[in-house]
Amino acid sequence: MMTQMNRSVDFGFGCMRLPVLKQDDPASFDYEKIEKLFDAFLEQGFTYFDTAYTYHGYHGEEAVRHALVERHPRESFQLATKLPLRDFKDQEDMEHIFNEQLEHCGVEYFDYYLLHNMGTNVYEKCKKYDAFGFVSRKKAQGQIKNIGMSFHDMPELLEEILTEYGSMLDFIQLQVNYADWEQPNVQSRRCLEIAPKFHLPVVVMEPCKGGTLINLPEEGLDLLKDYHPQASAASWTLRFAASQTGVVRVLSGMNTMEQVMDNTAVFKNFVPISQEENEIIRKVTAIIEKNTPIPCTGCAYCTHGCPMDIAIPQYFALYNNISRITGSFSSHAVYYNNLSLRHGKASACIGCRQCEQACPQHLPITDFLKQVAEKFEGGSSFPVRK
C-alpha cells in the first residue's frame, strides 16, 4: 500500500448523509443539529463542504444554503457541488440545472464543481452533449473556480477519460479506502495510481465505505484497539486515505458532534499510516473479507466460458460490501449498473452451472446470483428528479 509521508491533507464535510428528523423523509432536516455540526467544523479550522444536486432527494443543496451559506460570510467557506450526469437531458438542461443549483445554494459561484458519478452509463452522453466543455465555459465565466469529476468505475475507463479530457480538470474525486484497495469492483489502488499521470490531485470520497469500516467485525476492531486503544475505527480509515500519494483532501459524512470532533482531530494533528499499521490494516481487511455472505476469492475461474458473460466476482464483491452496510447503497448500485452495461446482469444467468464446475471454492454460484439480482435489480436505488 503506497503512502506519502510528512505532509498535511485537507479535510472536507461530506453532506450526503445529514441528520434528519424522519428516517423515511430525506428532506426532513434537523437544522438545529446540522448548524451545530457545521459551526463546529468551521471552528476547528476547516472550510470545505461537499454537496450535490441529488443529495437528500434533491434537497441537499437547500439544506447547505440554510445551515451554512445564509449564516456565514461567503469567504469563510468553500463549497463543492455536482452536475447530475444521469439527470440532464441536453445542453439546455445542463444550463437550467446549473442555474437551479446557484439558487438552491444561494451563491454566485462554486469553489469546486464536479461532473457527478462518471462511469460507463453516462460517459457517451457527456461526450455527446459536451459536458466537459459546459463546465469549462462556466469556469471561464467565473461561476466555477475548480472543475472536478467524481468517478465510480474501472481504472481502464478512468485512464481513457483522462487521456481525452484530463487537461480540462483541476482534480478528480475517487472512492479510496482499505477495503476497496484491491477489490475487483472498485480497484481503489489502480485508480489512484492513474491520477499522477495526468498531474491531477485527488479528493477522497467514501473513506469509511458507508460505515462498513466503522462497524467492523469484533475480531478486526480488537486488532485496531490492541495497537491504538484510544483511536477510533474512523481515524484509521481517514489516516489510511490521507496517507496515499496524490491525495490532497479527504471527505467524511458526519452526523454527530462526536464524529466531527474525532474526525477533525485526525487532520489537525495528522500522522501518516506507518508500515506496521499497514500490516494491521491488511489483517483487518482479511477479517472483513472472511465475514462476508459469499466467500468468493475473486479468482474469476467461473467467468471463463460463461455464455452470458456475467461479471460474477465483481457482482459478488458488491453484494458482500452492501450486506455489511445499513443505510444507502447508492454508490454500490452505480458500480453494479456500470458493470452490467458491459456484462450480463446477474438475472441473465441461464443455470448452465459451468461456473460451479470451475469454482475452486465449490460455491453454489447460480443461487448467489439470484440473491444479487434481487438486491440490485429488485427496484430503483435512486430518487427521481422532480
Side-chain angles (χ1 to χ4, degrees), residues 10-84 87 97-114 116 150 203 205-208 210-211 214 232 234 238 249-268 325-331 381-386:
D10 194 20
F11 181 47
F13 199 124
C15 299
M16 186 169 70
R17 304 179 182 95
L18 296 174
V20 294
L21 298 172
K22 302 175 182 177
Q23 292 304 312
D24 58 349
D25 181 0
S28 62
F29 298 106
D30 186 342
Y31 279 115
E32 182 179 358
K33 190 172 184 180
I34 296 170
E35 290 170 7
K36 289 179 179 178
L37 298 180
F38 283 6
D39 292 354
F41 181 78
L42 290 166
E43 288 165 5
Q44 293 303 308
F46 300 95
T47 62
Y48 190 97
F49 293 83
D50 173 272
T51 186
Y53 186 73
T54 57
Y55 287 177
H56 281 272
Y58 294 88
H59 293 282
E61 292 173 332
E62 298 168 25
V64 171
R65 182 193 70 219
H66 182 98
L68 176 70
V69 177
E70 294 178 353
R71 300 177 57 253
H72 294 278
R74 181 64 181 91
E75 65 275 10
S76 68
F77 61 86
Q78 302 174 84
L79 182 60
T81 194
K82 310 173 186 77
L83 178 69
D87 286 27
I97 289 172
F98 185 82
N99 290 332
E100 271 191 326
Q101 292 180 287
L102 291 172
E103 181 180 351
H104 289 168
C105 293
V107 297
E108 295 181 354
Y109 66 91
F110 296 113
D111 300 281
Y112 296 83
Y113 193 79
L114 299 86
H116 194 189
S150 66
V203 175
M205 57 184 166
E206 297 287 358
C208 301
I214 307 302
S232 66
L238 297 174
R249 179 176 288 114
V250 176
L251 306 178
S252 177
M254 300 167 286
N255 48 42
T256 70
M257 189 62 69
E258 180 183 11
Q259 291 170 354
V260 171
M261 301 311 293
D262 178 63
N263 289 189
T264 54
V266 170
F267 291 90
K268 289 179 71 174
I325 295 175
T326 56
S328 170
F329 61 99
S330 59
S331 68
S381 302
F382 303 104
V384 177
R385 180 185 168 197
K386 304 299 183 184

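Counting begins at 1 with the first residue of the sequence.
- Using a cutoff of 4.0 Å between basic side-chain nitrogens and carboxylate oxygens, Lys36 and Glu32 are scored as salt-bridged.
- From Asp30, atom CG reaches atom NZ of Lys22 across 12.5 Å, with rounding to the nearest 0.5 Å.
- Summarising the geometry of Cys105 relative to Val69, their closest heavy-atom pair is O-CG2, 3.3 Å, with the distance given to 0.1 Å.
- Atom CZ of Arg65 sits about 7.5 Å away from atom CD of Glu103, to the nearest 0.5 Å.
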Inset, instruction - Using the ring-ring contact (aromatic ring centres under 6.0 Å, His included) rule, take His116 and Tyr53 through it: C-alpha gap first, then chi angles, then the decisive distance, then the call. - result: CA-CA 9 Å; His116 194 189; Tyr53 186 73; 9.7 Å; no
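- Between Gln44 and Thr264, the shortest heavy-atom contact is CG-OG1, 3.7 Å.
- Within the model, atoms CG of Leu37 and SG of Cys15 stand 10.0 Å from one another, a figure rounded to the nearest 0.5 Å.
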Inset, instruction - Could you give me the CA-CA distance, side-chain angles and deciding distance for Leu68 and Phe41, then say whether side chain to side chain contact (heavy atoms under 4.5 Å, CB included) is met? - result: CA-CA 11 Å; Leu68 176 70; Phe41 181 78; over 6 Å; no
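- Of all the heavy atoms in Ile97 and Pro84, the pair that sits closest is CG2-CD, 3.8 Å.
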Inset, instruction - Please report the C-alpha distance between Gln78 and Thr47 in whole Å, then the side-chain angles of each, then the deciding distance to 0.1 Å, and finally whether the side-chain hydrogen bond (donor to acceptor under 3.5 Å, both in side chains) criterion is met. - result: CA-CA 6 Å; Gln78 302 174 84; Thr47 62; 2.9 Å; yes
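- Lys82 places a side-chain N or O within donor-acceptor distance of the main-chain N or O of Thr51, the cut-off being under 3.5 Å.
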Legend entry - Working for ring-ring contact (aromatic ring centres under 6.0 Å, His included), residues Phe98 and Phe110: CA-CA 10 Å; Phe98 185 82; Phe110 296 113; 5.7 Å; yes
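- A heavy-atom distance below 4.5 Å is not found between the side chains of Lys33 and Met257.
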Inset, instruction - Report the C-alpha separation of Val20 and His56 in whole Å, then their side-chain angles, then the decisive distance to 0.1 Å, and conclude whether the side chain to side chain contact (heavy atoms under 4.5 Å, CB included) test is met. - result: CA-CA 9 Å; Val20 294; His56 281 272; 3.8 Å; yes
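- Between Met254 and Asp262 the shortest side-chain heavy-atom distance does not fall below 4.5 Å.
- Between Ser76 and Leu42, the shortest heavy-atom contact is O-CD2, 3.7 Å.
- For Glu108, the CD atom counts as loosely surrounded, since its 6.0 Å shell holds 12 or fewer non-hydrogen atoms of other residues, nucleotides or ligands.
- With Phe46 as the aromatic partner, Arg249 does not meet the cation-pi criteria of under 6.0 angstrom to the ring centre and within 45 degrees of the ring axis.
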Inset, instruction - Before giving the answer on side chain to side chain contact (heavy atoms under 4.5 Å, CB included), spell out for His66 and Phe29 the whole-Å C-alpha distance, their side-chain angles and the decisive distance to 0.1 Å. - result: CA-CA 10 Å; His66 182 98; Phe29 298 106; over 6 Å; no
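- Summarising the geometry, atom CZ belonging to Phe13 is positioned 6.5 Å from atom CG belonging to Leu18; distances are rounded to the nearest 0.5 Å.
- The structure places CD of Glu206 at 9.5 Å from OG of Ser252, a figure rounded to the nearest 0.5 Å.
- Between Phe267 and Phe11, the angle of the ring planes stays under 30°, which puts this pair in the parallel group of the 30/60° scheme.
- His104 contributes atom NE2, which lies 8.5 Å from atom NE2 of His59 (distance to the nearest 0.5 angstrom).
- Counting heavy atoms from C-beta on, the side chains of Asp111 and Arg74 come closer than 4.5 Å.
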Inset, instruction - Show your working on side chain to side chain contact (heavy atoms under 4.5 Å, CB included) between Val250 and Asn263 and close with a plain yes or no. - result: CA-CA 10 Å; Val250 176; Asn263 289 189; over 6 Å; no
